[in-house]
Amino acid sequence: MGAYLFRRLVTLPLMLLGISAVSFALLNLAPGDPAEMVLRQRNPAETPSSAAVAAMRAELGLDAPLPKQYARWMFRALAGDMGRSYVTERPVAAQLARRTIPTVLLTAAALGLALLVAVPMGILSAQRRGSAVDAIARLAALVGAAAPSYALAFGLIILFAVRLSWLPALGYGSAVQVVLPAIAVSLAPMAQLMRLIRASMLETLGQDYIRTARAKGLSDKTVVIGHTLRNALLPVIGATGVNLGYLLSGAVIVETIFSWPGLGQLIVGAALTRDYPVVQGFVTYIAVVVLLANLAADIALRIADPRLRFGQGAM
């Protein structure tokens with residue numbers, strides 16, 4: 001366990017370095033000149049001259065070669081300084097920190113909802129394999145996995161906010177306002193988790209020790225809760241870490257649709273205005289969160305499953 005943790009901690013900075021370098025290069029290869037866009041935003045009625053654009057590029061540090069720009073950004077980021085927004089001229093770290101709480105609330109609500117529905121539905125589907133309940137659950141999982149989050153978001157708004165007037169479509173600040181965006185973000189991971197739990201349950205129910213327990217006359221409820229459930233839910237621990245990345249990426253579009261003042265809304269605005277420091281800071285920040293979440297999920301899985309600690313999985 002200690003050797004595994006050491007290897008993971010060593011590789012994390014290398015992975016983060018690669019992610020930040022690739023994202024920095026792709027940002028600067030995107031069409032459009034940030035210096036020109038900044039000048040147009042500051043004075044929309046005037047077309048910026050070439051000299052003004054060149055002066056702004058020098059002010060923003062965009063006149064230096066790309067490797068030098070990246071090295072300068074990286075050393076500042078290591079010191080906790082992710083630069084300043086081209087548009088607002090505010091520190092990027094402060095903007096990310098301010099937008100984190102709404103995104104955390106939405107992500108936590110979506111993940112909780114996904115687990116709340118996926119776990120019992122996956123268990124029920126496996127117990128009643130081949131039945132109408134199983135068919136409906138599998139169809140729902142297929143639809144949930146295939147439907148894009150933005151289409152679900154608009155559908156939820158039309159149904160529950162416009163036609164039925166049950167829930168608010170926009171805003172942030174009350175518990176009821178998180179319901180629709182949480183549903184929109186949670187459906188895809190909910191479907192994936194339900195299918196995973198169903199497959200894991202079916203595999204576990206076919207084990208010899210389960211057949212032995214049933215041969216002893218134990219009830220289905222005792223077999224499922226006492227013997228099957230723990231091993232069947234082990235893959236959910238690892239999948240939760242993976243789904244965190246999807247939840248955060250899905251929140252980017254959903255937050256914009258529901259006017260949710262989180263990281264997603266921030267990054268969409270920054271991408272439209274070529275606000276490179278905010279976009280780069282966001283990508284690095286999310287990469288750190290996702291990598292740490294996956295590490296925590298792997299550690300939790302190894303603690304819960306002795307086979308991974310002492311068997312071949314510990315390699």
Side-chain angles (χ1 to χ4, degrees), residues 1 4 107-149 152 179 182-250 290 293-315:
M1 184 69 174
Y4 167 80
T107 303
L111 182 59
L113 180 61
L115 292 172
L116 185 65
V117 175
V119 172
M121 287 301 298
I123 295 172
L124 184 63
S125 179
Q127 282 186 291
R128 302 186 181 182
R129 181 181 183 181
S131 66
V133 173
D134 182 31
I136 293 173
R138 293 171 65 185
L139 179 62
L142 180 63
V143 173
S149 58
L152 291 171
V179 174
I183 293 174
V185 175
S186 70
L187 284 181
M190 184 189 299
Q192 191 263 346
L193 287 171
M194 187 171 70
R195 295 168 69 180
L196 178 63
I197 293 169
R198 178 184 181 276
S200 182
M201 281 286 295
L202 289 175
E203 180 182 359
T204 306
L205 287 171
Q207 298 295 320
D208 290 339
Y209 72 94
I210 298 297
R211 287 193 289 266
T212 301
R214 284 179 169 166
K216 290 180 179 180
L218 297 179
S219 65
D220 287 343
K221 182 178 179 181
T222 302
V223 170
V224 170
I225 297 178
H227 296 76
T228 309
L229 194 56
R230 179 182 176 184
N231 289 335
L233 291 181
L234 285 175
V236 177
I237 300 175
T240 300
V242 175
N243 274 309
L244 180 62
Y246 177 85
L247 288 169
L248 291 172
S249 62
V290 172
N294 278 277
L295 176 60
D298 285 347
I299 293 174
L301 185 59
R302 288 173 180 269
I303 292 173
D305 191 350
R307 294 171 298 179
L308 296 179
R309 282 183 281 168
F310 304 112
Q312 293 182 354
M315 292 176 54

Item to check | Validation row: Met121, Arg198 side chains within 4.5 angstrom (heavy atoms) | outcome: no

Can you give me the closest heavy-atom contact between [X] and [Y], atom names plus distance?
| X | Y | result |
| --- | --- | --- |
| Asp134 | Arg128 | CB-O, 3.2 Å |
| Ser149 | Ala184 | CB-O, 4.0 Å |
| Ala191 | Ala141 | CB-O, 3.1 Å |
| Met194 | Ala137 | CE-O, 2.9 Å |

Checklist outcome for this item: Rounded to the nearest 0.5 angstrom, the CG-CG distance for Leu142 and Leu139 is 6.5 Å

Next on the checklist: Pair Ile183, Leu113 - check side chain to side chain contact (heavy atoms under 4.5 Å, CB included), show working.
Outcome noted: CA-CA 7 Å; Ile183 293 174; Leu113 180 61; 3.7 Å; yes

Checklist entry - Distance-only, no hydrogens or angles: does the Ser186 side chain make a donor-acceptor pair with backbone N or O of Ala182 under 3.5 Å? => result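 Present.
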
Checklist entry - In this structure, which one of Leu193, Ile197, Leu124 forms a side-chain contact (heavy atoms from CB on, under 4.5 Å) with Val119? => result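 Exactly one option meets the side-chain contact (heavy atoms from CB on, under 4.5 Å) with Val119, and it is Ile197.
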
